[in-house]
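As structure tokens, the structure follows; a few thoughts come after it.
Fair warning: this is a prediction, and the values are worked out from it, not measured in the lab. Just the heavy atoms: all of them, side chains too, but no hydrogens, waters or symmetry mates, feed the values below.
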Amino acid sequence: MSSHDTDWVDALAADDLPQDDVIGVQVAGRDIAIYTAGDAVYATDNTCTHGHARLCDGFLEGHEIECPLHQGKFDVRDGRPTCAPADAPLRCYPVRVEGRRVLLRIG
Ligand code: FES
């Protein structure tokens, strides 16, 4: 294992991933939203950049998450805001599925 590998943190069981939906998890003291779109898995901060809303309570359509509070939207692939009032990007985290576990790179 290289030192680079130690940056990866176990987040949840692959079996617990929702299908084409979002789930909130606590990883290394952070509130993270994990999304699935087809076979792809993405992760961002779970708190909307516009206010204090949890994106895991929002609505995922394709690669776009709609905030439950003011309906701002973000592209979960790169965190960029796609609909006002959201105007600041979400932090994204690299994801990999290894065996039956989902790992995130935090740091
Ligand atoms: Fe998310 Fe306002 S809190 S759009």
Side-chain angles (χ1 to χ4, degrees):
M1 178 182 281
S2 72
S3 60
H4 190 67
D5 288 334
T6 61
D7 295 341
W8 292 88
V9 179
D10 186 86
L12 80 163
D15 288 347
D16 291 337
L17 284 172
Q19 184 64 47
D20 296 314
D21 205 348
V22 54
I23 187 171
V25 294
Q26 299 291 320
V27 182
R30 296 173 196 238
D31 193 13
I32 307 273
I34 298 181
Y35 314 86
T36 60
D39 290 337
V41 185
Y42 305 97
T44 72
D45 276 336
N46 197 9
T47 303
C48 180
T49 57
H50 180 252
H52 293 288
R54 296 181 83 217
L55 296 172
C56 66
D57 296 328
F59 175 66
L60 183 69
E61 184 167 21
H63 295 107
E64 203 168 49
I65 183 71
E66 182 182 81
C67 177
L69 194 51
H70 307 116
Q71 289 72 53
K73 295 181 184 179
F74 302 88
D75 189 319
V76 302
R77 293 172 294 186
D78 56 11
R80 70 187 162 88
T82 57
C83 182
D87 60 0
L90 290 167
R91 179 174 177 178
C92 297
Y93 300 91
V95 182
R96 77 183 191 206
V97 178
E98 208 170 86
R100 302 177 69 101
R101 303 301 303 180
V102 178
L103 308 179
L104 302 184
R105 197 167 74 209
I106 309 278

TODO: Please round to the nearest 0.5 Å and tell me the distance separating atom CZ of Arg105 and atom SG of Cys92.
DONE: 12.5 Å

TODO: Answer with yes or no whether the hydrophobic clustering places Leu69 together with Tyr35; edges join I, L, V, M, F, W, Y residues whose side-chain heavy atoms lie under 4.5 Å apart.
DONE: no

Open item on the list: Does any part of the side chain of Tyr93, heavy atoms only, come nearer than 4.5 Å to the side chain of Val27, both counted from C-beta?
Closed with: no

Open item on the list: For residues Val22 and Leu17: do they belong to one hydrophobic cluster (side chain heavy atoms under 4.5 Å, members Ile, Leu, Val, Met, Phe, Trp, Tyr)?
Closed with: no

- [ ] Check whether any side-chain heavy atom of Asp20 sits under 4.5 Å from a side-chain heavy atom of Leu60, and report yes or no.
- [x] no

Task: Minimal non-hydrogen separation, Pro68 against Arg54, with atom names - done: CG-O, 3.5 Å

Task: Nearest heavy atoms of Ala11 and Leu104, plus distance in Å - done: CB-CG, 3.8 Å

Task: Closest contact, heavy atoms only, Ala43 versus Ile34 - done: CB-CG1, 4.2 Å

Task: Contact summary for Gly24 and Asn46, nearest pair of heavy atoms - done: CA-ND2, 3.9 Å

- [ ] Considering only NZ, NE, NH1 and NH2 on the basic side and carboxylate oxygens on the acidic side, decide whether Asp10 and Arg101 come within less than 4.0 Å.
- [x] yes

- [ ] Might you work through the side-chain contact (heavy atoms from CB on, under 4.5 Å) test for Ile32 and Gln26, ending with a clear yes or no?
- [x] CA-CA 6 Å; Ile32 307 273; Gln26 299 291 320; over 6 Å; no

Open item on the list: Using a 6.0 Å cut-off, check whether atom CD of Gln71 has over 12 heavy atoms from anything other than its own residue.
Closed with: yes

Open item on the list: Any side-chain to backbone donor/acceptor pair from Asp45 onto Thr47? Under 3.5 Å, distance only.
Closed with: no

Open item on the list: Are Lys73 and Ile65 packed together at the side-chain level, in the sense that at least one heavy-atom pair is separated by less than 4.5 angstrom?
Closed with: no

TODO: Ignoring hydrogens and angles, tell me if any N or O in the side chain of Thr44 forms a donor-acceptor pair with the backbone of Val76 under 3.5 Å.
DONE: no

Task: Donor-acceptor under 3.5 Å (Asp75 side chain, Thr82 main chain) - done: no

Open item on the list: Is there a side-chain contact between Val25 and Asp16 in this structure, where contact means two heavy atoms from C-beta onward sitting under 4.5 Å apart?
Closed with: no

Task: Euclidean distance, Leu90 CG relative to Cys67 SG, rounded to 0.5 Å - done: 9.5 Å

Task: Straight-line distance of Asp87 CG to Arg80 CZ, nearest 0.5 Å - done: 14.5 Å

Open item on the list: Is there a continuous path of hydrophobic side-chain contacts, each under 4.5 Å between heavy atoms, that joins Val97 to Leu12?
Closed with: yes

TODO: Write down the atom of Pro81, the atom of Ala86, and the distance for their closest heavy-atom approach.
DONE: CB-O, 3.4 Å

Open item on the list: Check this for me, if you would: do Arg100 and Asp15 make a salt bridge, where the nitrogen-to-carboxylate-oxygen distance has to be below 4.0 angstrom?
Closed with: yes

TODO: Search all heavy atoms of Ala88 against all heavy atoms of Phe74 and return the closest pair with its distance.
DONE: O-CE2, 3.2 Å

